[in-house]
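Start at 1 and go down the list; that is how both ligands and their atoms are numbered.
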Amino acid sequence: MRRTAVVTGASSGIGEATARRLAAEGYDVVAAARRRERLDKLAAEIPAIRPATLDVTSDESVAELAASLDRCDVLVNNAGGAVGLEPVSGGLVDDWRQMYEVNVLGSLRVTKALLPKLIESGDGVLLMLTSTAGFTSYEGGGGYTAAKHGQTSMTETLRLELCGEPVRVVEVAPGMVQTEEFALTRFRGDAERAQKVYQGVPDPLTADDVADAIAWCVTRPAHVNVDRLVIRPRAQAAQHKVHRVS
Ligand code: 8X3
């Protein structure tokens with residue numbers, strides 16, 4: 001019997017890398033995201049991947065995804081992201097709302113919808129892709145860190161509530177990961193500003209590094225729950241302590 005993994009936000013970055021990696025690990029992968037053309041390409045390349053159009057901010061879209069699944073053994077709540085780097089005093093309510101909507105409420109919607117199937121599987125894994133921003137604050141990051149703290153808190157609550165059910169609740173919290181879109185989205189398409197985030201950092205993490213960590217957590221024996229895995233590049237000892245060579 002092949003196990004099914006659902007990955008949200010699978011059209012790029014960590015989500016796409018995770019979909020690829022879990023397919024390589026032998027899962028049937030449902031790659032879910034809004035941008036269907038990208039998913040179709042991925043599925044054309046890898047037979048074990050099935051594309052699913054998903055908007056985590058829509059109840060109907062999430063219900064449709066849940067209804068389309070025969071089973072779900074692994075859920076990777078990866079859809080998320082940051083918008084803006086304004087200080088709290090200049091914080092834009094719409095940005096904060098969007099970040100809360102996708103990172104927190106999006107994870108809530110998908111989790112609620114797929115939890116019965118995860119329990120039914122007899123060995124489910126619910127993995128939340130949070131961030132070091134889930135337990136650290138930094139200047140300008142107010143809206144994002146608030147949302148990620150919320151997601152982390154939801155993860156901890158779920159683990160308590162599901163104790164006794166056959167579902168592991170895992171949090172993977174990456175630090176600096178250079179992907180094609182994270183910083184670009186945060187800076188509303190300003191490529192120069194986005195590039196500066198990683199400037200001089202010898203080796204930021206890649207999406208594949210995080211997918212590797214996710215795959216490791218997911219493929220532990222059923223009784224082993226990795227509560228939280230924090231992963232950063234060697235050059236980042238802490239949120240503000242980043243080694244740069246130029
Ligand atoms: C991304 C890491 O440092 O931008 O989740 O908050 S950081």
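Interface of S131 with ligand 1, defined as ligand atoms under 4.0 Å from a residue heavy atom, comprises 1 (C), 2 (C), 5 (O), 6 (O). Every atom of ligand 1 is numbered from 1 in the order shown, and the set under 4.0 Å from a heavy atom of R186 is 4 (O).
Using a 4.0 angstrom heavy-atom cutoff, G141 does not count as in contact with ligand 1.
Heavy atoms of Q239 found under 4.0 angstrom from ligand 1 belong exclusively to the side chain. The proximity of M176 to ligand 1, defined as any non-hydrogen pair under 4.0 Å, does not occur for either the backbone or the side chain.
Proximity annotation for atom 2 (C) of ligand 1: of G175, S137, A133, G175 comes nearest, heavy atoms only.
Interatomic distance, CE of M1 versus CG of D73, reported as 6.0 Å (0.5 Å rounding).
In terms of polar-atom proximity, Q236 is not counted as a contact of ligand 1, lacking any N or O under 3.5 Å from an N or O of the ligand.
Of all protein heavy atoms, the one lying nearest to atom 7 (S) of ligand 1 is Y138 OH, 3.5 Å.
Remark: side-chain polar atoms of N78 are paired, donor with acceptor, to backbone N or O of T8 under 3.5 angstrom.
Using a 3.5 Å distance cut-off with no hydrogens or angles, the side chains of T57 and D55 do pair a donor with an acceptor. Counted by atom type alone, T53 and R36 present one or more donor-acceptor pairs between their side chains at under 3.5 Å. Looking at K196 and Q199, their side chains never bring a donor and an acceptor atom within 3.5 Å of each other.
The only option from E181, K41, R38, R35 that meets the side-chain hydrogen bond (donor to acceptor under 3.5 Å, both in side chains) definition with S11 turns out to be R35.
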